[in-house]
Amino acid sequence: MVDINSFGVLGGDKRQIALAESIASDGYTVYVYGFDNIEFSKDVKKADLEEIMIRCENIILPLPVTADGSHLNMVYSENGIELNDSFAELMRNKQVYGGMMGKLYQTSDVWDSIDTYDYYTREEFAVHNAVPAAEGAIEIAMREYPGTVSQSKCLVVGYGRIGKILAMMLRGLGASVTVSARRYSDIAWIESFGYSSALTDKICDKDQYDVIFNTAPALIFNRRMLSKMRSKPLIIDLSSPPGGVDYEAAQKFGIKAIHALSLPGKVAPKTAGEIIKNTIYNMMEE
C-alpha cells in the first residue's frame, strides 16, 4: 500500500545518502535503492525498485538525474537503470523530484503525464547551494596555490549567486578582491560593496592576479585572454561543462586551470543533502 509520508530515494552520490538520512530523522519512512555497499541508519530501509514503487508516493531522483542521458545516475551501484518508457511508467501517480531533469524528459514521452519537480531550478536551492560551492572553491585555492589566500590578489569573474558569496568569503580571509562583470549595473553593486571592479572583457588589460575564480557560464578564458596573463595565475573554473577556460591553451601557456564541478556534493555532502531536502519540502507545501 502506498504511504503518502514515505519517500523513495533512487541512486545518486553522497548528497542522496545525506538526504535520505535527513528525511528519516524528520520522522518519515525512507526507502533507498542503488546503494549496494552503503550502510544506513536503522531508519533508512534498503529495498528493491518494485517495493519502493508499491510503498512510496514521493520519489527523489539524483542530481543530476542522468549523466549520459540514458541511465540513472547511480554512483554506488553496479546495477544500472535504463531511462526508457518502462522506467517512466513506474512513476505514474507519483510525485517525482530530481535535479537537472531536462535529459530525463527526453528519454520518454510518458514524462509528459507525470508530476515532476526540478529542485535545481529553484532560487532558494541555488542561493543556499552557493555557500558550499564557494567554500569548496576556496579549499581548492588553499591546496593548490603555493601562497596564502590572505594577502593574495584574487579575481572573481561573475557577480551572480556564487560570485557574491565567494567575494565576501575571500575578503574575510584577507585577500585583495576584484570582481568582474559585463553589465555596468553589476559593476555599480560591486563597487558599492567595496570591491575593486573590472569589466569581464578587460580583466587582464591592467591588473594581474594570483588566483582567479570563474563563475561565468561562458568561455571567458580563451587563447587571447590567457595570453595576457603574465603572472601565470591559478584558475579555478566553477562553470558548468564545457567550462569557461580553453584548457588546452592554458596548458600551453603554463597556466594551471582546474575545472571544479559539483563542489557542494564533494566538500559538504551533509549540507548539500539538507539543502535538497528543504527545497523539496518547500515544493511540497506550495
Side-chain angles (χ1 to χ4, degrees), residues 123 125-222 224-240 243-247 250 253-264 266-268 271-272 275:
E123 180 67 12
F125 171 81
V127 172
H128 287 302
N129 219 43
V131 174
E135 286 190 2
I138 292 173
E139 188 272 335
I140 293 173
M142 289 179 169
R143 184 176 69 246
E144 300 292 340
Y145 176 58
T148 60
V149 173
S150 177
Q151 305 304 312
S152 66
K153 296 183 67 175
C154 293
L155 170 68
V156 177
V157 178
Y159 200 55
R161 305 177 191 95
I162 296 177
K164 289 181 174 71
I165 293 172
L166 184 54
M168 178 182 65
M169 289 181 175
L170 288 168
R171 182 163 62 183
L173 289 170
S176 172
V177 182
T178 299
V179 184
S180 80
R182 293 187 184 277
R183 297 183 300 181
Y184 285 101
S185 58
D186 287 334
I187 293 293
W189 278 110
I190 290 165
E191 293 174 347
S192 71
F193 277 95
Y195 305 112
S196 298
S197 66
L199 289 171
T200 296
D201 291 338
K202 300 179 180 180
I203 50 179
C204 290
D205 286 0
K206 294 182 180 179
D207 295 323
Q208 297 289 307
Y209 305 95
D210 299 312
V211 185
I212 296 175
F213 301 86
N214 177 53
T215 71
L219 182 59
I220 302 297
F221 297 97
N222 54 28
R224 180 185 62 82
M225 185 71 76
L226 292 167
S227 69
K228 299 178 182 180
M229 295 181 179
R230 301 181 301 278
S231 62
K232 309 298 183 188
L234 169 66
I235 301 177
I236 300 172
D237 184 12
L238 306 178
S239 65
S240 300
V245 180
D246 182 335
Y247 286 93
F253 285 119
I255 296 171
K256 187 170 186 176
I258 299 171
H259 201 181
L261 298 173
S262 302
L263 285 180
K266 292 176 180 177
V267 303
T271 297
I275 291 169

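Computed from heavy atoms alone, side chains included, the values below leave out hydrogens, waters and symmetry copies. What you see is a predicted model; the values in this text were computed from it and never measured.
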Nearest heavy-atom pair of [X] and [Y]: which atoms, and what distance?
X: Asp186; Y: Ala181; result: CB-CB, 3.6 Å
X: Leu226; Y: Phe221; result: CD1-O, 3.6 Å
X: Glu191; Y: Ser197; result: OE2-OG, 2.7 Å
X: Pro132; Y: Val267; result: O-CG2, 3.6 Å
X: Ala175; Y: Cys154; result: CB-SG, 4.0 Å
X: Ile203; Y: Ser180; result: CG2-CB, 3.4 Å

Donor-acceptor contact below 3.5 Å, side chain [X] vs main chain [Y]:
X: Ser239; Y: Gly244; answer: yes
X: Ser231; Y: Tyr209; answer: yes
X: Gln208; Y: Arg230; answer: yes
X: Thr148; Y: Ser150; answer: yes
X: Lys232; Y: Ile255; answer: no
X: Tyr145; Y: Pro233; answer: no
X: Lys266; Y: Leu261; answer: yes
X: Thr215; Y: Val157; answer: yes

If you define the side chain from C-beta out and look only at heavy atoms, does anything of [X] sit under 4.5 Å from [Y]?
X: Met229; Y: Phe253; result: no
X: Ile162; Y: Val156; result: no
X: Leu173; Y: Met142; result: yes

Q. Would Arg182 and Ile220 satisfy side chain to side chain contact (heavy atoms under 4.5 Å, CB included), going step by step from the backbone distance to the final call?
A. CA-CA 11 Å; Arg182 293 187 184 277; Ile220 302 297; 3.0 Å; yes

Q. Does a donor on one side chain and an acceptor on the other come within less than 3.5 Å for Asn214 and Asp237?
A. yes

Q) Please walk me through it: do Thr178 and Lys153 pass side chain to side chain contact (heavy atoms under 4.5 Å, CB included)? A) CA-CA 8 Å; Thr178 299; Lys153 296 183 67 175; over 6 Å; no

(Q) Nearest 0.5 Å, please: how far is CD1 in Ile138 from CG in Leu170? (A) 4.5 Å

Q) Between atom CD1 of Ile236 and atom CD of Glu139, what is the distance when rounded to the nearest 0.5 Å? A) 9.0 Å

(Q) Does Val131 form a side chain to side chain contact (heavy atoms under 4.5 Å, CB included) with Ile275? I'd like the steps, not just the answer. (A) CA-CA 11 Å; Val131 174; Ile275 291 169; over 6 Å; no

Q) Going through the checks in order, is the side chain to side chain contact (heavy atoms under 4.5 Å, CB included) test met by Val149 and Val211? A) CA-CA 8 Å; Val149 173; Val211 185; over 6 Å; no

